[in-house]
Amino acid sequence: MAEGVDKKPLMLVAVDDSDHSFYALEWTLDHLFAQGTNHPFKLVIVHARASPSSALGVAGFGSGEFITSLESDMKKISSKTVQKAKDFCTSKKVENVEVEVMEGDPRNVMCDAVDKHHASLLVLGSHGYGIVKRAVLGSVSDYCAHHAKCSVMIVKKPAKC
C-alpha cells in the first residue's frame, strides 16, 4: 500500500464494456461508498484492454493498416469504457478514484493488478455464463476467485423476473 495519510485498504473494481461489469461497479458504489468521504476503501478501477495481437490470434494476420485501425478502435472502446466508469463515480459523488488501463488477458490483468496494488478486495461482475460457455470462453471471475491473492467479490446482476 502507498505511504501516506490514507491507510485505507485498497479495493479494485474490474470494468469492461459489459452491463454486468457496470452493474457490479454501480452496486459497489451504492453499497460500499454511499457514506460520502468516510468510505472504508481506497478505490481503483481497472480496465483490461485487449491487445491487437490477441484479437488477431483469432482472426489471423492482417495488413499494417488493418492492425493500426484495429488498435485505434480498441483504444476508442477502452476510452469510452473508462470515461463511463469515471462518470458513474462522479454521479455517485465518489471522488479520489484512480482508473488504470492495463493491456492483456483480463484474467491475468486483474491478478497482476491485485499484486501491484496490494489490494484487499477485487470486485468483478458475473456474465452469468453457463457451463459450456464458461468452458469455451473462460470465466474471468472464476479464474480470479481461484488465483487472486486477495478476497474476491463477484456481483451478479439479478435475473429479470
Side-chain angles (χ1 to χ4, degrees), residues 1-51 54-55 71-130 133-134 137-161:
M1 187 175 306
E3 292 293 323
V5 178
D6 190 7
K7 294 287 187 179
K8 292 179 181 180
L10 190 132
M11 174 192 298
L12 293 176
V13 178
V15 295
D16 60 19
D17 62 348
S18 72
D19 290 341
H20 300 281
S21 77
F22 278 97
Y23 177 80
L25 175 61
E26 185 174 25
W27 188 95
T28 300
L29 295 175
D30 286 345
H31 289 86
L32 301 175
F33 289 85
Q35 306 158 351
T37 58
N38 193 24
H39 44 77
F41 292 96
K42 178 179 180 191
L43 179 61
V44 176
I45 296 172
V46 179
H47 172 64
R49 182 171 69 91
S51 66
S54 67
E71 185 166 13
S72 175
D73 288 347
M74 293 171 93
K75 284 182 179 180
K76 285 178 189 173
I77 292 167
S78 181
S79 292
K80 285 181 183 178
T81 301
V82 166
Q83 189 57 53
K84 185 176 176 182
K86 289 177 182 179
D87 291 346
F88 260 70
C89 293
T90 300
S91 73
K92 301 291 183 179
K93 298 183 178 16
V94 177
E95 299 174 359
N96 300 323
V97 177
E98 288 181 40
V99 179
E100 185 170 329
V101 177
M102 298 171 70
E103 192 171 286
D105 182 297
R107 293 172 281 231
N108 297 327
V109 165
M110 293 311 145
C111 289
D112 291 346
V114 164
D115 293 343
K116 174 183 174 183
H117 291 284
H118 306 287
S120 298
L121 180 63
L122 171 62
V123 179
L124 302 143
S126 172
H127 285 267
Y129 292 149
K133 275 191 178 178
R134 195 169 46 241
L137 299 174
S139 168
V140 174
S141 57
D142 186 57
Y143 181 89
C144 290
H146 289 93
H147 295 92
K149 295 176 185 167
C150 70
S151 295
V152 175
M153 181 170 71
I154 300 169
V155 179
K156 286 185 165 189
K157 189 174 182 179
K160 293 180 180 161
C161 298

K.L.:
Is there a side-chain contact between Thr81 and Phe22, using heavy atoms and a 4.5 Å cut-off?
P.N.:
yes
K.L.:
In Å, rounded to the nearest 0.5 Å, how long is the span from CG of Leu122 to CG of Leu10?
P.N.:
10.5 Å
K.L.:
Please indicate whether Asp87 has more than 12 foreign heavy atoms, meaning atoms of other residues, nucleotides or ligands, lying under 6.0 Å from its CG.
P.N.:
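Count over threshold, so yes.
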K.L.:
Rounded to the nearest 0.5 Å, how far apart are CG of Asp112 and CE of Met102?
P.N.:
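Rounded to the nearest 0.5 Å, the CG-CE separation comes out at 5.5 Å.
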K.L.:
Rounded at 0.5 Å granularity, tell me how far NE2 in His47 sits from CD in Gln83.
P.N.:
13.0 Å
K.L.:
What pair of heavy atoms forms the shortest contact from Ser141 to Gly125, and how long is it?
P.N.:
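In terms of heavy atoms, the two residues are closest at CB-O, 4.1 Å.
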K.L.:
So among Val15, Val123, Val101, which one has a side-chain contact (heavy atoms from CB on, under 4.5 Å) with Ile45?
P.N.:
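Per the side-chain contact (heavy atoms from CB on, under 4.5 Å) rule, the option paired with Ile45 is Val15, out of Val15, Val123, Val101.
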K.L.:
Is Met110 close to Leu12 at the side-chain level, that is, under 4.5 Å between some pair of heavy atoms?
P.N.:
no
K.L.:
Taking His117 for the side chain and Ala113 for the main chain, is one N or O donor matched with an acceptor at less than 3.5 Å?
P.N.:
no
K.L.:
Under the rule for side-chain contact (heavy atoms from CB on, under 4.5 Å), what residues qualify as partners of Ser18, not counting sequence neighbours?
P.N.:
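Only Asp16, His20, Ser21, His127 meet the side-chain contact (heavy atoms from CB on, under 4.5 Å) criterion with Ser18.
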K.L.:
Side chains of Leu43 and Leu29, heavy atoms from C-beta outward: is any pair under 4.5 Å?
P.N.:
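Yes, close enough: below the 4.5 Å cut-off.
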K.L.:
Does a side-chain heavy-atom distance below 4.5 Å link Tyr143 with Cys111?
P.N.:
yes
K.L.:
Take Val44 and Lys116 through the test side chain to side chain contact (heavy atoms under 4.5 Å, CB included) and record every step on the way to the result.
P.N.:
CA-CA 12 Å; Val44 176; Lys116 174 183 174 183; over 6 Å; no
K.L.:
Rounded at 0.5 Å granularity, tell me how far NE2 in His31 sits from CD in Glu26.
P.N.:
10.0 Å
K.L.:
With side chain to side chain contact (heavy atoms under 4.5 Å, CB included) as the test, would you mind laying out the steps for Arg107 and His147 before giving the verdict?
P.N.:
CA-CA 9 Å; Arg107 293 172 281 231; His147 295 92; over 6 Å; no
K.L.:
Are Lys92 and Phe33 in a cation-pi contact, defined as NZ or CZ under 6.0 Å from the six-membered ring centre and within 45° of the axis?
P.N.:
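So Lys92 doesn't make the cation-pi contact.
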K.L.:
If you take all heavy atoms of Ala119 and Cys150, which pair is closest and at what distance?
P.N.:
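Answer, listing the atom of Ala119 first, then Cys150: O-CB, 3.2 Å.
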K.L.:
Determine, step by step, whether Ser151 and Ser120 satisfy the side chain to side chain contact (heavy atoms under 4.5 Å, CB included) criterion, reporting the C-alpha distance in whole Å, the side-chain angles of both residues, the deciding distance to 0.1 Å, and the verdict.
P.N.:
CA-CA 6 Å; Ser151 295; Ser120 298; over 6 Å; no
K.L.:
State which residues pass ring-ring contact (aromatic ring centres under 6.0 Å, His included) with Phe41; sequence neighbours excluded, sorted by chain then number.
P.N.:
none
K.L.:
So, for Ile154 and Ala145, which heavy atoms are closest and what is the spacing to 0.1 Å?
P.N.:
CD1-CB, 4.4 Å
K.L.:
Check whether Ser78 reaches the backbone of Met74 with its side chain - one donor and one acceptor, N or O, closer than 3.5 Å.
P.N.:
no
K.L.:
Run Met153 and Leu121 through side chain to side chain contact (heavy atoms under 4.5 Å, CB included) and show every step you take.
P.N.:
CA-CA 7 Å; Met153 181 170 71; Leu121 180 63; 4.1 Å; yes
K.L.:
Just jot down the ring-ring contact (aromatic ring centres under 6.0 Å, His included) partners of His146, sequence neighbours excluded, or say none.
P.N.:
none
